[in-house]
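The structure under discussion appears below in the form of structure tokens.
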There are 2 protein chains.
Amino acid sequence: MATQPLTRNQILVLDALTGAEGPLSAYTILDKLRDHGFRAPLQVYRALDKLRELGLVHRLESLNAFVACTQPHDHHTDHGVTAFAICEDCGQVDEMHDAGIEERLSVLAGVRHFKTEKTTIEIRGHCQNCSAAE
Amino acid sequence: MATQPLTRNQILVLDALTGAEGPLSAYTILDKLRDHGFRAPLQVYRALDKLRELGLVHRLESLNAFVACTQPHDHHTDHGVTAFAICEDCGQVDEMHDAGIEERLSVLAGVRHFKTEKTTIEIRGHCQNCSAAE
DNA sequence: TGCCACACGTTATAGCATTACGCAATTGAT
DNA sequence: ATCAATTGCGTAATGCTATAACGTGTGGCA
Ligand SMILES: [Zn+2]
Ligand SMILES: [Zn+2]
Ligand SMILES: [Zn+2]
Ligand SMILES: [Zn+2]
């Protein structure tokens, strides 16, 4: 029941993501970790799978890339719905949680008797900084 | 200003999507159209790009696949935000438009001064039929 | 005629993800 | 202690998704 400690590979991958400015693809992570002994994509994907299970990492579907979770909430518990604002210019990702969205989506699914397993919300656009810079 | 007619390739791809039960990957479309002279992925991707510009086709990011638009609205005009409910069992996709979601997302972006270009919403789960069948 | 825009065809390549196999360490009975 | 089951790890091979780069042909138009 106690949170199992992360393995060496999982820590390496998580650190790579945490230290990055923006989302990283699995192959970019692989390249960053070659010096630490990584040689094959599967080492990255296996670590990512576990980290996602634990809620420490999210996958951005529209980017085929991954980010570390930035929310301080308990990672044991369910995240609920997460929305991402992704800047096309600087790559910055903002993780957002909003009860209103969650509620509205729940209604949409409800009227259709659709059982939701996982919801993806990704907003592509330009962050405040990059908009200001024109 | 008049809507330009679709090219032969675009019609073939659109028909393939319209006739399909669920979303199709670009390579699946390619295979379906080999008999009609298609030989390379680019033929499919180019048609898909155009069809998406015209609002006739949507890309499902979480699936790397494409569906024909099922909404009867004018395709010249902007779609607004589209949400998809995707059944993991039967592959059926339900295209949804909801002002509530749109409004809430707009607020989320607004407070961050984030300029939205494109929004992806995809709900993965089980449709009514497949839930009933257990 | 010369120019431009656009769709098309082909080949090659890049980028993302998984399958399959085998080994080692751990755990938890029997 | 021994066996079986689980889990993580390493490696190689493969498969799926998408784009780059090049050239052709056609129609509109100055
Ligand atoms: Zn998170
Ligand atoms: Zn930015
Ligand atoms: Zn549509
Ligand atoms: Zn279904």
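Sequence lines set the chain letters: A, B, ... in the order given, protein chains first and strands last, and positions in each chain run from 1.
- C/dC8 atom P lies 17 Å from atom OH of B/Tyr45, rounded to whole Å.
- If you check D/dT19, C/dG9, C/dA17 against the side chain of B/Gln43, the one that comes closest is C/dG9.
- A straight line from CG of B/Leu12 to C1' of C/dA7 spans 14 Å, rounded to a whole angstrom.
- One atom, CD1 of B/Ile29, and another, P of D/dT17, lie 11 Å apart when rounded to the nearest Å.
- Across the protein-nucleic acid pair, B/Asn9 atom CG and D/dT24 atom P stand 20 Å apart, rounded to whole Å.
- Below the 3.5 angstrom threshold, one finds a donor paired with an acceptor across the side chain of B/Tyr27 and the base of D/dA18.
- Taking the nucleotide of DNA chain C with the nearest heavy atom to each of A/Leu42 and B/Phe38, the more 5' of the two is matched to B/Phe38.
- Residue A/Arg59 has no polar side-chain atom (N or O) positioned under 4.0 Å from OP1 or OP2 of C/dC16.
- Contact of the A/Arg124 side chain with the A/Ser62 side chain is registered, since non-hydrogen atoms from C-beta on lie closer than 4.5 Å.
- A/Leu60 has its CG atom 16 Å from the C1' atom of C/dA17, to the nearest Å.
- Considering only the side chain of B/Arg39, C/dT10 comes nearest among C/dT10, D/dG10, D/dT17.
- Between B/Arg59 and B/Glu61 a salt bridge is recorded (basic side-chain N to carboxylate O distance below 4.0 Å).
- For D/dC9, the OP1/OP2 oxygens have a side-chain nitrogen or oxygen of A/Thr7 closer than 4.0 Å.
- Of all nucleotides listed (C/dA17, D/dG8, D/dA18), C/dA17 comes nearest to the side chain of A/Asn64.
- In this structure, A/Arg46 atom CZ and D/dT7 atom C1' are separated by 10 Å, rounded to whole Å.
- Rounded to whole Å, atom C1' of C/dC6 lies 14 Å from atom CG of B/Asp49.
- Checked for salt-bridge contact, B/Asp49 and B/Arg46 miss the test: no charged N lies under 4.0 Å from a carboxylate O.
- For the pair B/Gln10 and A/Phe66, nearest-nucleotide mapping onto DNA chain C gives the more 5' position to B/Gln10.
- OP1 and OP2 of C/dA25 both lie 4.0 Å or more from every side-chain N or O belonging to A/Arg8.
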Given the rule in the side-chain contact (heavy atoms from CB on, under 4.5 Å) test, do A/Lys32 and A/Leu24 qualify, once you have shown the distances and angles that lead to the verdict?
-> CA-CA 10 Å; A/Lys32 280 182 182 288; A/Leu24 300 179; 3.9 Å; yes
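- With rounding to whole Å, B/Leu63 atom CG is found 13 Å from C/dA17 atom P.
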B/Ile123 vs B/Asp94, side-chain contact (heavy atoms from CB on, under 4.5 Å): CA-CA, chis, key distance, verdict = CA-CA 10 Å; B/Ile123 308 175; B/Asp94 192 350; over 6 Å; no
